[in-house]
Structure formats: structure tokens, C-alpha cells
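Notes to accompany the following structure.
Chain identifiers are assigned alphabetically (A, B, ...) following the order of the sequence lines, protein sequences preceding nucleic acid strands; residue numbering begins at 1 within each chain. As the structure is a prediction and not an experimental result, all values here were calculated from the model.
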Amino acid sequence: MKKLLKGAKVLDPSQNLDGMRDILVVDGRIAEIKENIEISGAEVIDLSNYIITPGLIDIHAHFREPGYEYKEDIESGSMSAAAGGFTAVACMPNTKPPIDNSALIEYVKFRASQVGKAKVLPIGCVTKGQEGKEITEMGDMARAGAVAFSDDGKPVASSSLMRKAMVYAAMFDKVVIDHCEDPSLFEGGQMNEGRVSTLLGLAGIPAASEEIMVARDILLAKAMKVPIHIAHISTKGSVELIRKAKSEGVRVTCEVTPHHLTLTEEAVIGYDTNAKVNPPLRTQEDVDALLEGLKDGTIDAIATDHAPHHIDEKDLEFDQAAFGLVGLETALGVILTNVVGKNGISLNTGIQKMTIGPAKVLGLEMGTLKVGASADITVIDINREWIVDKDRFFSKGRNTPFHGLKLKGKAVMTIVDGNVTYSEIE
Amino acid sequence: MLSQKHLLGLENLQKSDIELLLETAESFKEIIDRDVKKVPTLRGKAIVNLFYEPSTRTRTSFELAGKYLSADTINFTSSASSVRKGETLKDTAKTIEMMGVDAVIIRHSSSGAASYLSRHVTASVINAGDGTHEHPTQALLDMFTVKEKKGTLSGLKVAIFGDILHSRVARSNIFGFTKMGSEVFVAGPSTLMPPDIEQMGAKPVEIIEEAVRDADVVIALRIQLERQQKGLFPTIREYSKFFGLNKDKLALAKSDAILLHPGPVNRGIELTSEVIDGSQSVINQQVKNGVAVRMAVLYHLIGGSRE
């Protein structure tokens, strides 16, 4: 099987490539990448006027299977990923039952292979049953295909247990991903603590709830000389802590979501439960610090924290609604429209944080168009104007604060291992 | 005519709306003293009290306000915890609405519950207290009481003290009094003071004495005793010592200052009995004015057509 992608501009931050190139795909791998490839016997796809990038990678999503298939399943989640231009998605293990053993890792991989729309990379639990008591069989899960370990949604409160988990995972070259939240400071919180929480009479979640745990994790990583990955940072303080730690050589990486980069606590006014998310949307000062962190390299990756919920879990009084929002189908558009070009952030940086950036965080052999790599490719129409319509999502989730937003830039074709998984091109 | 279909809070009410409601309440007040307390103004209208939190005075006040105007009033009370297991607020409200009610008066433990409800029903929604957000009719009756005594709501110094963080009465009063041209000072333990309160237009001060000094109006808030168990203040004794109002502290206010409290009062905790029963207290008059103000609210929201 040969495919020849012709006429596009190729943007591949992994090899500092930004220019007109043709790409030849043979048997699901990149066989050749250069100007004006002429070859017979290949299916030619004309991609003039489009941009080709390595397939987008999301290292933080919730596909809810097994157990919560009414919110999302691996099929709908994979379709949603493909439609958003993602070729690989790392899935959090807070399912029912939680993914805390190798059999469940195998199950997720099997279901993903049946669907075949995206590479689903399972993340295993840090502790058995996500109970925060005993560490899981990380070695066994790593061998079965777990790409990282996390108790996302139920932060590991015990510093001692966290230290053991980080050290143990490092033995298998895996990183622990921590959702940083001090449970006692978080208690009952509904949104960012500040002007808007006072106005709305909603219990606040202080920035310190996140920053205390970021600081703890950094100190543990520094002392034990092992890596830690901080999920979805939301505050200026977190950016500063991580920036300083990186400058000291601590092996800390972090990610940020498109919503934390573009929305503030103001989005909650009117009690919009689609803006109820954890960590909460913060202030403009935090947004500015996150953008700066993205630009200067403090932040390694953009991740969606795609968290689908059923309408009945969101159409409720604010304090009874679930936390989370869907992001796979809006991430690229939001980044291209509202992040790239702001605060001196280049298109190259934006794409880097969605391709080779996240690949490096988890040590994945992905995120590049170098010859020999898997042909995971995203084709982008940078000029396409479109309006977010939640009712047209492939995801089962409709919980988005971006509904009705006008965006410019969209994935129009997604290719995984040389196979087209999504296309809007005639 | 009010600019709003619902009464969700004072934040979004215009100054002219507040003036209209207070004027109307004044004309309704004499009905309460009549021998036959009934006018036909809302005959044929149906009102439901949808109360998810225990409340005697607010519910009774709304119920009587409706009855004095000849509306049919019914009560639906339930604890939020039992509802959480069963029917949702939306479904309950829609069910009640289909029975033909014109106004839904809601008291709920979730901030934003009234606003949420207003998006799901076509009846007028009246917020009778939503979580720690707003309690607009309480603030309206406070303002009515103050205007009755002071003749104006403009240029007054208003002191509010107690648990500002969890108080919907404080929020509504801050919005209301500042809109009408008064200056609002708030005082309370730092653990019970919400962040950025000054951005709402209130002036936070460290000690109650500073708030009360030269005040025209002093509003005490009820302290929920369970806040102590959550570690927000060490003991009732210390709370009372530093943030309770007694005769000496009240003497710092202007000599003609008046004292309000939304009730029910914790005697001897936020207020001493001597000030509750003293000559400056208007706490009992607030209750009567509450009925008049709620009559005005019901009249303007469901009496007559909006078009």
C-alpha cells in the first residue's frame, strides 16, 4: 500500500521542518519526505493549500470505558479524537472498575484495536482501586502497554505513597502523572476562589490547593532524581514553581489544557455548569502566566482533559453538577484561533506542544514525520472558519463551554498508520 | 412595571425597580393592619412555595403575602438530601408548573438554584434564598424598613457584621444599599470574609467597632453554629466577644441608628438581649414589612400583563 500526499506545507517541529514537501507512505510508515516526489502505483492525495503536521497526541483524556459507557466509550472517544485531528490519545484509568491491572490494560487496547480510529494509550492506576493505599502492579501493566500511571481525579494525598510510586514507576521507565490537589484545601470547592466566587456565593478552590501539591511533587522528584508529570496546571504559581524546578534540573514536566489557556473564572457567571471544571478556570493573570509558560518552554504539552459527562450530570444546580468538559474536537481550533499569535506564540510552538512535546513527556515513539516513523498524520486547513456545534460532536459528551464559538483552523484529515480515520476532503 | 420577569437577586435589578417595589410595599402595608386582610388583586393566580431548606418565617411571610392578595398559595417542602436521591429540581418544577402556577418561590441550598430554575420554567421565579448567593426579598424588606425610619436610602452608612462569607443576606444587601447610594461596611472574622469583597462595592474593615462607628444602620447576621465545628472560629464564646454586638458597641453608632437582624436571632451570641429588645431595634418591624414587600414583589411579577 502506497500513499503519496502531495502539495502541502509540512510543519514538523521534531525536525525543524517548515516547508513544501511531499510525503510517501508505504505500509503505514513514512517512506520518504522531500519536494516533488514522483512515483507510480501510489494513491495520490492532493493536499494543496493545507498544512501537514505529525498526528496530534493527547496525553490526558477520559474515554470512560469500562463502566461509564453512557458518558463515552472507546469507539465514540476514538471517533471524537479522529475528528479533532488526534491520532493518539492517552486515557485515564478512573473507570469502573479502575484500570489497575494488566488484564484491564489489555482490554482497553483490544477495544481500541477493534475500533481502529486512534491509538488509545492506556494509563494505569498508581494505587489499587485508586484508593490511595497500595501501589499497583506497575511492571506488569507497563509490559502490557500502560504508558504512564496516574490516580487522576483522586489525587494521591500521602506524600510517602507518592514517593514510592514515582520511584517504582521509574524502574520501568514510566512517569507518574499527578492531578495536583490538596484535598483539605479543595473541600467542597466549586470554582476558583476570588472575585467571582464571592459574587456568585460559590465555595472557592484556592490556587494554593494546586500549588502545594506541585511543590511537593517537585521536591520528591528532586530528592529521588526521578521524573514527575504534572497534569493540567492552572495557576501562575504552578508555572513559576515548575519553571524554577526545571532550571535546577529537576525532571518535572507539565501540561496545560486549551480551556485554561483561553478562559477565565468569568465563564462561570450565570452558573454555567459547562464551565465547571477541575482544576477550575482561574484569572486573566493566571492565563497570561500559562501563555508565557507555553512560550518559554516551561509547559511541555497541551492536553485536553477531555471529560465527557451525560447531560443529566450537567443540567443541574451548580454545586451538584459534575466537573469536566469535552475537548478533543475543539482543542486544535481553540489553540489555532485563541493561542497561536497571542503573546508571541508561534504556530510551530502550538503544533510542537500537541505533537513531539507530549510524545517526549511519556517517552512515546510518535509525534514526528521522520522517515521510518509510523504514518500518523494530521492535515489542517488553517483558514477554515467554523462554529463549534456541540450537537455535531462525535463524542457522546455535549459539555463544552465553547459551543457557538467561531474558530479559524481545523483538522480536515486524520491518518493513523497510513489509514485515513477522518476526512472532510472530497 | 419591573424590568425583570423574575426576582433572582438584587445584582441585576435596576435602581428604578427597587424604588418601585418599595413604593408599592408602602401602599400595601396598611392592608396588613385591616380587620379584613384581603384585596382581590391576585385573584385567580396560583403561587407555589418550593422550599428545599427549612424555613418558617420566609415561607409564612410569602404565603400570607399571597393570601392577602387573594392568590392561591400552596407549599411544597422537601429536604435537599431526599430530593438528591429522587426527582431533580428541574423535573419537580416542571411538574408543578404544568399544574398551572404563575409564580414559583424557591428556597434552595445551592447557589444559583433560582437562576437555574428560571431557565427551565415559564412561570415567574422568586428567589427566597439560594445557597450563599442572594436573598433579595430580605434585602428589600431591610431597605424598606430603613427608608421608613430614615426617610431615605441615600448617603447612609450601613454596617453589616457577622459571617459575610456564607451570607446571602449580606450579598443582597450590599447590592441593594450601594445601588441606592448608601455606603456599606462589612466586618467579621477574617475566616468568614470572602475574597475581593470590595469589588462588590462593600468596604471591609477588620473590627466590628470600626464598621459600627457613626453608622446610621447596623445589620447583624445570624451565625450558623456549625461553622465553629468546621474550624472557622475557635469558640462561640470568642466569636461573641469579638463579633457580638452589645450596648457599648452599638453606642458607637449614631444616636439615632437602627438595628436590624434577618432572624432568627441567636440571643447572647451575635446580639445581646439588651440590644435586641432595646429602643434602636427594628427587628419586629422587619417581619411585618417583609409581608408588605413580598406583596409588592408578587404584585409586580404576576399581577397584570407584562406586555
Side-chain angles (χ1 to χ4, degrees), chain A residues 182-209 235-237 264-276 280-286 309-323 398-399 401 403, chain B residues 8-12 52-53 80-81 83-85 87-94 106 108-120 127 129-135 163-172 174-175 186 192-202 204 230-232:
Chain A
D182 179 312
S184 67
L185 278 173
F186 184 90
E187 194 192 356
Q190 300 294 323
M191 67 169 300
N192 182 50
E193 181 182 85
R195 186 186 79 85
V196 180
S197 68
T198 293
L199 194 67
L200 299 179
L202 290 170
I205 303 167
S209 159
T235 75
K236 181 182 178 183
T264 68
E265 58 182 358
E266 307 278 325
V268 180
I269 291 175
Y271 299 96
D272 182 358
T273 58
N274 286 321
K276 179 175 177 178
L281 301 171
R282 304 283 187 182
T283 67
Q284 190 59 47
E285 194 182 359
D286 295 302
H309 288 293
H310 192 272
I311 179 77
D312 291 346
E313 295 163 320
K314 278 290 193 181
D315 189 6
L316 288 172
E317 301 90 305
F318 196 89
D319 61 0
Q320 289 171 41
F323 286 98
R398 298 287 178 266
N399 45 313
H403 179 67
Chain B
L8 304 178
L10 293 193
E11 186 191 1
N12 298 315
Y52 287 91
E53 272 187 345
S81 59
V83 165
R84 210 165 277 151
K85 290 173 203 145
E87 196 171 42
T88 64
L89 171 60
K90 185 170 86 171
D91 289 343
T92 304
K94 278 195 183 290
I106 181 171
H108 198 285
S109 61
S110 297
S111 298
S115 145
Y116 172 76
L117 195 65
S118 73
R119 279 177 265 137
H120 290 290
N127 183 3
D130 63 327
T132 55
H133 178 227
E134 282 223 48
H135 190 353
D163 178 0
I164 309 292
L165 177 63
H166 298 98
S167 177
R168 51 198 179 204
V169 175
R171 281 177 180 73
S172 288
I174 291 167
F175 286 128
V186 290
L192 291 171
M193 191 60 73
D196 301 326
I197 184 80
E198 64 284 355
Q199 293 197 38
M200 281 179 68
K230 292 204 160 175
L232 290 159

- Task: For residues Gln320(A) and Leu89(B), determine if any side-chain heavy atom of one lies less than 4.5 Å from a side-chain heavy atom of the other.
- Result: no
- Query: Take atom CD in Glu266(A); do more than 12 heavy atoms of anything else shown fall under 6.0 Å from it?
  - Reply: yes
- Item | Closest non-hydrogen atom pair, Pro194(B) against Thr198(A) | CB-OG1, 3.4 Å
- Query: Roughly how far, to the nearest 0.5 Å, is the CG atom of Asp315(A) from the NE2 atom of His120(B)?
  - Reply: 4.0 Å
- Task: Using a cut-off of under 4.5 Å on heavy-atom pairs, state which of Val196(A), Leu199(A), Asp312(A) scores highest against chain B.
- Result: Leu199(A)
- Between Tyr271(A) and Asp130(B), which heavy-atom pair has the shortest distance, and what is it? OH-OD2, 4.4 Å
- Under the 3.5 angstrom rule, does the side chain of Arg171(B) hit a backbone N or O of Leu200(A) as a donor-acceptor pair? no
- What distance do Ile269(A) atom CD1 and Ser115(B) atom OG have between them, rounded to the nearest 0.5 Å? 12.0 Å
- Item | Over 12 non-hydrogen atoms of neighbours within 6.0 angstrom of CD in Glu187(A) | no
- Task: Keeping the roles fixed (side chain from Ser110(B), backbone from Phe318(A)), state whether a donor-acceptor pair exists under 3.5 Å.
- Result: no
- Note on the structure: Tightest non-hydrogen contact, residues Ser109(B) and Asp319(A), listed as O-OD2, 4.1 Å
- Note on the structure: Assert top hit (heavy-atom pairs under 4.5 Å, partner chain A, pool Glu198(B), Arg119(B), Arg168(B), His166(B)) equals Arg119(B)
